[in-house]
Structures are given as structure tokens and as C-alpha cells.
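Comments concern the structure below.
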Protein chains: 2
Amino acid sequence: MLQTYYENNDKFLIAVDCIIFGFQDKELNVLLTRRPVEPLKNEWSLMGGFMENGESLDQAAEKILFRYTSHKDIYMEQVGAYGDVDRDSGGRVVSVAYYALVNAENFNTSRAKKYDAKWLSVSKLPKLVFDHNKMVEDAIKLLQYKASNQPIVFKFFDEKFTLTELQDLYEAIYQMQLDKRNFRKKLSNMNLLDKLDEKDKVNSRRGAYYYTFNKERYEKFIEEGNRFSL
Amino acid sequence: MLQTYYENNDKFLIAVDCIIFGFQDKELNVLLTRRPVEPLKNEWSLMGGFMENGESLDQAAEKILFRYTSHKDIYMEQVGAYGDVDRDSGGRVVSVAYYALVNAENFNTSRAKKYDAKWLSVSKLPKLVFDHNKMVEDAIKLLQYKASNQPIVFKFFDEKFTLTELQDLYEAIYQMQLDKRNFRKKLSNMNLLDKLDEKDKVNSRRGAYYYTFNKERYEKFIEEGNRFSL
DNA sequence: GCAAAAGTGTTGTACTTACACCCATGG
DNA sequence: CCATGGGTGTAAGTACAACACTTTTGC
């Protein structure tokens, strides 16, 4: 009786598509691939795949990310579900989009290369298959919102970063210029970064100090009723 | 071959659950029902149902809303997809939550009564089935965000409203008190409301002027680079 | 005439914006 | 010695928060 009620209904393929954001060359990039199967084989596409019985949506997203990049424990966040009847010309598929934030430089693209994966700037995206352009747009809006009031951008770096890099990253995400002194003032007011003794000497002769994000200090900061804002 | 690739994958039941928000007695309410089927029959639940083959997610959401309330053309927005393996004790179901904004007063609950539907304040919600409490929480957060920077709250009213009602509504959504003069100052600065000659004489002897939201003015306002903010 | 809600301005504070020069270093 | 990016403070303007009294009218 119970089974009857549930099982009498239509079932659907559920796909997960990943918008993998990386920061490189002062630009926000998305890791795109040539679609490996028909229809629209070889067209630019997000990395996607089908959800399987034993896994949650979140687990399916991690699986897809791992399949294409061999990376685990990556920060991911759901963007939303896309369910138009004709969104996928290959069949009826409901897709759930997730974005992931990774360090593009240290990112192992050897495996991704097998799939013709490339980092492409969000400001010059090609036409992607199906509704994937819409997914990227929605993901960017969500990322802009989250980045403005939560310290998620640090996931783009391997621990340490210079203030200039951090500002370049925010400019790439917001797609606007920021004032250097005002940006640094906000940062130093929140007092959430630790200055290292080490300098990055690659980008300038003088060298720029590296900083790290202090998670403990951030937790206290929030407990005390403050709000992260950049 | 194409069909093979798609069809070899697992298929899932997809449900849509509706968080129907209404404004009544100076509180933000959700229309809840007693779950009509096993498992957890008669427990408090959101209004939900299964998606069918021929319809999009959005259409399925409209269908569910219509089924329980006989209303069409209601403002709805997707909250997100919920896909934990064991979220529904009756079987493997991925659910997509939507919220809807309605005028609770003029709302036809005769049909809803058939389902034991009741308006319950979001501040004193009972335990709902499955992950429905989480869905409501997420919906409230999204509503708070949207209400702060988009003129969606007017969907709670049938056209006209008093400024006091509008403020009460924002206080219910934000779950905090607002300053009357500051609130009205912001409103009059944006200049998006039209004052009617008519007064509401129910809530006070003096009477409060009714206002309407001017959509054309809002569109110009946005074109000119302004931002809605309340 | 009084209770109950409607309506109305000002001031101090905090935040945001705009803006320009010196510093350190490698080549 | 010079080119390049790193680093720093101040002043003006804007937005936000706090605050209390008068008005209207049905009973």
C-alpha cells in the first residue's frame, strides 16, 4: 500500500552539473569540458554526470568532481535544480547544479585533460550545451553574494595569499574595480588575517607579505555578533 | 546508443514541496497540512506531491499549489533541492522546495481544509515530517534576502496596503523591530508607492491611507541604476 | 475627553568613498 | 638609477540609528 502510493509515480534521471570556479591570471575561470557523449558531443559543457541510487545529491556532486579532477574535500555549494521539460535534448533529465571553489594553479588538470578540460574566463564564456550558461550565471550571482558576507574566497588559495591577490580575486568575482586602501582598511578592521614573515617575490621586486585566514579568530568574531563583509 | 547511455542510469522519484507563506495577525505564517499518506500519516507537513513526466519543476510546483489551494498565478521561487538518501522514510525521493507568497486573508482555505490545512506562525512551528523544517528555514533565509532587495513583499497583499501593515510585514519577515520613521523615510525616498485617497478605518479611528506599489515607476527606478532596499 | 493608531524631522554616528605619494628591491 | 608593484591616512559625503510629540476620530 505504501509502496504502491510512492511507486505509482513517474521516475526521472537526475544529473549533477559542476561549475568549478578557479582564480587565475586575475580572472575568475570555470573549468569546462568537451561533452563526451551524444547529443551535442564535443560541445562545451559543464562537468556532469548522473546521480546513482546509493548516493545523496551532495555525494553525487563530489563524485562528479572527483571523476574529472581527482580531488576530494573541495568546497561545494548547491546552486539549484533545473527542471524544464526540454532542457536536455537527449532525454528527460532534471539537473542539480553545484559550484566548487578550487585553487586553479595547484589544480591537477592531467586527468581533466583527458576530457579536453580548459579554464575559461567567466567574462568570455562560449555557448555551452543545454541550460549550462544559465547555471553559470546563477552560480556567479550566488558566489558574489556568498563572497560578500562569508569568508569563502580563501578556498581559492592554498592557505596563503597576498593582499593584492585577494583584492584581484574580489575584483574578478564582483566584476568591478575596488579601491586598494579601502579594501585593506576593511580587512584590517575585521582583523581576521595573520601576516606571515614570508613574502611573495614573484610579482614584485619589493615583495608582498603573505597572509593566512585565521579560522579561530573568525569564529570568535562571529560569536561576538560581528559580520564578515567585503 | 544515445538512449542506452541515458537510460542505463538510475531513476528517481522527484517530489515538490511548497512553503506557502502568508501574512496574518502581524506574523509570517506557513500553510501546513496533515500528511495524507503513510509513512507519518497525519503528521504536520508541507504541501507536496510528485512531479510527472510532462511537466517542468516549476509547473509541478504550480500544480501542487493549485491542488491544495485552487489558486493559480501565484508568485513562487525555488529554494533548492534536497537529496539525502534517507530524507524520506517512505522511499528514495529527491525533493525540490519552492516558496509561494500569498495573501492569507483572501486565501481560499475551504479546499485546504479538506487536508486539515492550517496557518501556523513561523516562530512556533511544530516538528514537521522528514527535512521539512530545514526547507522552511532555508526558505525564510531566502525570503529575507529577497525581501531586502526586491519588491516581492507586495505579493502578500491584494494590491493595496497601509504603511503600518507593510512595516508589520517586514518586521515579521526579518523577525526584528523596525523604526517607524526610518522605515517610512526609506520608502518615501524610493518613491515607488502611490497614495490612494482611500483609508483603512478598521485598524484605527483616524484611519491609515492605503498605498499601492507602482511597477512602472519601479522599472524606471531600476533602469536609472537605483537599488531597491528595505 | 480619551484611548489608540497615524503621521511627521532632526541630530549624531558610523560607514563609505575618493584620492596621491613614498617605499623597497632586482635588474 | 629606475621601473614595478607594495604599502599607507585623511577628509568629505552619505547612509543609518536613535529619538518624542501632535493629529485624528469613534466611542
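Lettering follows sequence order; numbering is per chain, from 1.
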Nucleotide [N], atom [atom2] - distance to [atom1] of [X] in whole Å:
X         : N       : atom1 : atom2 : result
Asn189(A) : dG9(D)  : CG    : P     : 13 Å
Lys180(A) : dA18(C) : NZ    : C1'   : 15 Å
Tyr174(B) : dA17(D) : OH    : P     : 12 Å
Tyr209(A) : dG7(D)  : OH    : C1'   : 11 Å
Gln167(B) : dA6(C)  : CD    : C1'   : 12 Å
Lys199(A) : dT4(D)  : NZ    : P     : 19 Å
Asn203(B) : dC27(D) : CG    : C1'   : 17 Å
Met190(B) : dC16(D) : CE    : P     : 11 Å

Side-chain N or O of Arg181(B) less than 4.0 angstrom from OP1 or OP2 on dG7(C)? no
dA5(C) OP1/OP2 closer than 4.0 Å to side-chain N/O of Thr164(B):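 For dA5(C), neither OP1 nor OP2 has a side-chain N or O of Thr164(B) closer than 4.0 Å.
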Indicate yes or no for a side-chain donor-acceptor contact from [X] to the backbone of [Y] under 3.5 Å, with no hydrogens or angles considered.
X         : Y         : value
Asn133(B) : Leu128(B) : yes
Gln24(A)  : Asn29(A)  : no
His132(B) : Ser45(B)  : no
Arg217(B) : Asn191(B) : yes

Hey, would you say the Phe161(A) and Tyr211(A) ring centroids sit under 6.0 Å apart?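 No, the ring of Phe161(A) stays outside the 6.0 Å limit from the ring of Tyr211(A), centre to centre.
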In this structure, is the centre-to-centre distance between the rings of Tyr218(A) and Phe213(A) below 6.0 Å? yes
Heavy-atom donor-acceptor pair, Arg205(B) side-chain to dC27(D) base, under 3.5 Å: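 Counting by modelled atom types and ignoring angles, no donor-acceptor contact under 3.5 Å is found here.
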Can you find an N or O donor on one side and an acceptor on the other, under 3.5 Å apart, linking the side chain of Lys201(A) with the base of dG26(C)?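 Answer is no: no donor-acceptor pair is held.
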Given that Thr162(A) and Asp179(A) both sit by DNA chain D, which one's nearest nucleotide is further toward the 5' end?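 Its nearest nucleotide being more 5', the pick is Thr162(A).
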The side chain of Arg206(A) lies closest to which of these nucleotides: dG7(D), dA20(D), dT25(D)?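 The nucleotide sitting nearest to the side chain is dG7(D).
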With the side chain of Ser204(B) defined as its heavy atoms from C-beta on, choose the nearest nucleotide among dA5(C), dG7(C), dT8(D).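 Nearest nucleotide to the side chain: dA5(C).
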Please tabulate the protein-to-nucleotide N/O contacts below 3.5 Å involving nucleotides 13-17 of chain C, giving atom names and distances.
from    : atom 1 : to        : atom 2 : distance (Å)
dT17(C) : O4     : Lys185(A) : NZ     : 2.9

side-chain contact (heavy atoms from CB on, under 4.5 Å) partner of Leu187(B), chosen from Leu166(B), Leu192(B), Asn182(B):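 So, applying the side-chain contact (heavy atoms from CB on, under 4.5 Å) to Leu187(B) and each of Leu166(B), Leu192(B), Asn182(B), only Leu166(B) qualifies.
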